[in-house]
Amino acid sequence: MSSAPAKREFLCILPDKPGAQAKRLEVRPNHLEGIKPNVASGAIVAGGAMLNAHPADGETPSFKGSMMLAVAENEAQVLELLNKDIYVTSGVWDMEKAQIIPFKSAVREAL
């Protein structure tokens, strides 16, 4: 009896390309909608925006990139998932500078 390949966690550090703030804000609703199936399936278990600084109340954040915690069999599967995201296809994330790091959660707790 063979068992399914093990799922592993990967920390994804996804910097924005210089000057991508306007494009990020434009496609952000599509990104948030598009990520939902990956969250529902367990392929993405955490994620959010990396900021240059926390904004004041009512101020638009200055984005630096994104972070995601992905669950997959290998890095190739993570890249396949990321490359379908609108932040990649619209030129927001700088995939040449992206880092996909093998990771093991010790604690996961919602804010």
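In what follows, residues are counted from 1 in the order of the sequence shown. As the structure is a computational prediction, the values presented were derived from the model and not from experiment. FYI, side chains are in, hydrogens and waters are out, and symmetry mates aren't considered; it's all heavy atoms of this structure.
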Original post:
From Q77 CD over to N74 CG, what is the distance, rounded to the nearest 0.5 angstrom?
Top reply: 4.5 Å
**OP:** Supply the atom-to-atom distance N38 CG to M68 CE, rounded to the nearest 0.5 angstrom.
**Re:** 8.0 Å
Subject >> Heavy-atom closest contact (M67 atom, L69 atom, distance) >> reply: CE-N, 3.9 Å
**OP:** Output every pair passing ring pair (Phe, Tyr, Trp, His ring centres under 6.0 Å) with a member in residues 4-37, not counting sequence neighbours, ordered by first then second residue.
**Re:** H31-Y87, H31-W93
Subject >> Neighbour count above 12 (heavy atom, 6.0 Å) for K7 NZ >> reply: yes
Original post:
About how many Å separate CD of Q99 and CG of L11, when rounded to the nearest 0.5 Å?
Top reply: 8.0 Å
**OP:** For residues I86 and R24, determine if any side-chain heavy atom of one lies less than 4.5 Å from a side-chain heavy atom of the other.
**Re:** no
Subject >> Derivation and outcome, side-chain contact (heavy atoms from CB on, under 4.5 Å), residues M50 and I13 >> reply: CA-CA 9 Å; M50 299 186 305; I13 306 295; 4.0 Å; yes
Original post:
Does any non-hydrogen side-chain atom of M95 lie less than 4.5 Å from one of L79?
Top reply: yes
Original post:
Measuring from E9:CD to S105:OG, what's the distance to the nearest 0.5 Å?
Top reply: 3.5 Å
Original post:
Linking I/L/V/M/F/W/Y whenever their side-chain heavy atoms sit closer than 4.5 Å, directly or via other members, would V71 and F103 fall into one cluster?
Top reply: yes
**OP:** Starting at OG of S41, measure out to NZ of K36 and round the result to the nearest 0.5 Å.
**Re:** 14.5 Å
Original post:
Between L81 and A43, what is the shortest heavy-atom contact and its length?
Top reply: CD1-CB, 3.7 Å
Subject >> Shortest non-hydrogen contact from V88 toward L82 >> reply: CG2-O, 3.2 Å
**OP:** Given side-chain contact (heavy atoms from CB on, under 4.5 Å), test V45 with R108 step by step and report yes or no.
**Re:** CA-CA 9 Å; V45 296; R108 258 193 244 158; 3.5 Å; yes
**OP:** Rounded to the nearest 0.5 Å, what's the gap from SG on C12 to CG on D85? Could you check?
**Re:** 11.0 Å
